[in-house]
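Note sheet for the following structure.
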Amino acid sequence: MNPEPDDMNRSAASGLALAESALQVAKDEYASLDVQAYLDRIVVLAQNALSRLPEGPRVGVGDMIHALNTYLFDEEGFYHNRHDPWDPRNSFLNDVLDSKFGDPVTLSVIYISVGRRLGLPLKGLALPGHFLVKFPAGSGDLFIDPFAGGTPVGAEELQFILSTGSGAGSWSKASIEAFTRGTDDRRILLRLLQDLKKRHIKAGQHHKALAAVERILRLAPEETSELRERGRLWELLGCPGPAADDYRAYLARRPRASDAERLHRKIAFLGSRKLTFH
């Protein structure tokens, strides 16, 4: 069930809208999940981080980032889950708040949500193969890696992340600037859902992957490739009719797609199949 408009307005005003949206995704896995209880935990994290600030009238952004890093990573022990990166629980914010292990996106969601409670205008930074947090500042943007314990990311590290994640070698200054403008909350949630979808597919949990794709298409109906992905999942679940419908919808938007001929053949093949149940 989606939050009511008044609830969403309250979450936005409190800096918790992103966290609430991420927890709503987790409700697909945990139907009885108490979303408000986990939002309250984020509020407590922010209150405790605030108490780590030095006393005095000249508390700056650097002090706030330091307090945030010290509390979340050194005291609370939030950490990257390199041991089992394909575990779907890495994409469920409640699990990450419970276990303290997460992936770049969920750790960033916690960092952003807690930071916003402190008054920091943090944004996400969706990079190929990685995810960072951006603090926009007129004197020079600050990039932070929650997956590495809040480590600041400089120009060389950013270049390395981009090159490694995309396999495209060196990047021009203009390209780096385009990537580092920041990501709105809708795109952060989209990245979380796409990661979750991949994890479910890796685990062979096609019903759950389908639920993730459904959420992606509600959130971002312009993501045409997800129509093809949903068709593939329907096919794997033994539902040729819905699969063919999604392939047709994909081709209606991309009639000259590189895989158009293959999909037309697949649609014809699916038309000859009967529904099976898995």
Side-chain angles (χ1 to χ4, degrees), residues 1-3 18-35 38 78-110 124 126-131 146-147 165 183 185-247 249-250 259 263 266 270 273 275-278:
M1 182 174 66
N2 291 326
L18 175 61
E20 180 169 7
S21 295
L23 288 165
Q24 290 295 335
V25 170
K27 287 203 77 167
D28 287 343
E29 183 76 12
Y30 304 103
S32 61
L33 179 68
D34 187 343
V35 170
Y38 282 95
F78 283 98
Y79 201 66
H80 54 72
N81 189 358
R82 294 189 189 276
H83 174 68
D84 194 1
W86 287 105
D87 189 335
R89 289 175 294 183
N90 289 315
S91 294
F92 297 135
L93 195 62
N94 59 309
D95 280 321
V96 178
L97 285 165
D98 286 339
S99 70
K100 308 291 178 71
F101 287 97
D103 69 5
V105 179
T106 46
L107 290 174
S108 293
V109 169
I110 292 171
L127 303 176
H130 202 39
F131 203 94
F147 197 63
T183 303
D185 287 359
R186 185 178 77 105
R187 303 304 295 186
I188 296 174
L189 192 63
L190 181 61
R191 180 70 168 261
L192 183 150
L193 284 164
Q194 288 170 334
D195 288 347
L196 177 60
K197 175 194 69 177
K198 292 174 186 175
R199 289 180 171 124
H200 283 323
I201 291 173
K202 178 84 170 177
Q205 297 173 326
H206 299 131
H207 282 94
K208 293 181 178 182
L210 184 65
V213 174
E214 295 281 7
R215 276 192 175 271
I216 290 171
L217 286 167
R218 288 198 299 271
L219 180 69
E222 73 277 8
E223 292 292 315
T224 302
S225 61
E226 296 296 336
L227 289 169
R228 180 184 57 196
E229 186 80 324
R230 189 171 66 181
R232 186 173 76 90
L233 289 167
W234 279 125
E235 192 177 355
L236 289 169
L237 289 167
C239 301
D245 288 343
D246 276 333
Y247 290 146
Y250 169 78
D259 55 355
L263 289 178
K266 187 176 282 290
L270 290 170
R273 293 183 63 195
L275 178 68
T276 59
F277 294 94
H278 291 271

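Applying the side chain to side chain contact (heavy atoms under 4.5 Å, CB included) rule to Phe101 yields the partners Tyr79, Asn81, Ser99; only residues at least two apart in sequence or on another chain are considered. Scored by the side-chain hydrogen bond (donor to acceptor under 3.5 Å, both in side chains) test, Glu29 finds Lys208 as partners (sequence neighbours excluded). Not counting sequence neighbours, the partners of His80 by the ring pair (Phe, Tyr, Trp, His ring centres under 6.0 Å) test are Phe147. Under the salt bridge (Lys or Arg N to Asp or Glu O under 4.0 Å) criterion, Arg199 pairs with Asp103, not counting sequence neighbours. Annotation: ring pair (Phe, Tyr, Trp, His ring centres under 6.0 Å) contacts of Phe131 (sequence neighbours excluded): none. Legend: residues meeting salt bridge (Lys or Arg N to Asp or Glu O under 4.0 Å) with Glu229, ordered by chain and number and at least two apart, are Lys197, Arg232.
Looking at heavy atoms from C-beta onward, Leu270 lies in side-chain contact with Tyr247 at the 4.5 angstrom threshold. His200 is listed as a side-chain neighbour of Leu196, based on a closest heavy-atom distance under 4.5 Å.
The CG atom of Asp185 lies 4.5 Å from the CG atom of Leu18; values are rounded to the nearest 0.5 Å. Within the model, atoms CD of Glu226 and CG of Asp246 stand 11.0 Å from one another, a figure rounded to the nearest 0.5 Å. In this structure, OG1 on Thr224 lies 8.0 Å from CD on Glu222, to the nearest 0.5 angstrom. The line from CG of Leu97 to CZ of Phe92 is 13.5 Å long, rounded to the nearest 0.5 Å. Here Asn94 contributes atom CG and Tyr30 contributes atom OH; the two are 5.5 Å apart, rounded to the nearest 0.5 Å. Between the OH atom in Tyr38 and the CG atom in Asp95 there is a gap of 7.0 Å [rounded to 0.5 Å].
Closest non-hydrogen pair, Ala19 versus Leu93, comes out as O-CD2, 3.7 Å. In terms of heavy-atom proximity, Leu192 sits nearest to Ala22 at CD1-CB, 4.1 Å. Considering every non-hydrogen atom in both Asn90 and Asp84, the closest pair reads ND2-O, 2.9 Å. Taking every heavy atom of both residues into account, Leu219 and Leu190 meet most closely at CD2-N, 3.7 Å. Across all their heavy atoms, Ser108 and Pro146 have their closest contact at OG-CG, 3.6 Å. Across every non-hydrogen atom of Pro242 and Cys239, the tightest pair is CD-O, 3.4 Å.
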> Does the pair Arg187 and Glu223 meet the rule for a salt bridge (charged side-chain N to carboxylate O under 4.0 Å, His left out), with working shown?
Replying inline: CA-CA 11 Å; Arg187 303 304 295 186; Glu223 292 292 315; 3.3 Å; yes
>> Evaluate Trp234 against His206 for side-chain contact (heavy atoms from CB on, under 4.5 Å), listing each step before the verdict.
In response: CA-CA 8 Å; Trp234 279 125; His206 299 131; over 6 Å; no
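For the pair Thr183 (side chain) and Ile188 (backbone), a donor-acceptor distance under 3.5 Å is absent. Panel note: side chain Arg230, backbone Glu214; no donor-acceptor pair is recorded below 3.5 Å.
Heavy-atom contacts from other residues, nucleotides or ligands closer than 6.0 Å to NZ of Lys100 number more than 12.
Of the charged side-chain nitrogens involved, none lies within less than 4.0 Å of a carboxylate oxygen, so that Arg228 and Glu235 do not count as a salt-bridged pair. In this structure, Glu20 does not pair ionically with Lys27, as no charged nitrogen and carboxylate oxygen lie closer than 4.0 Å.
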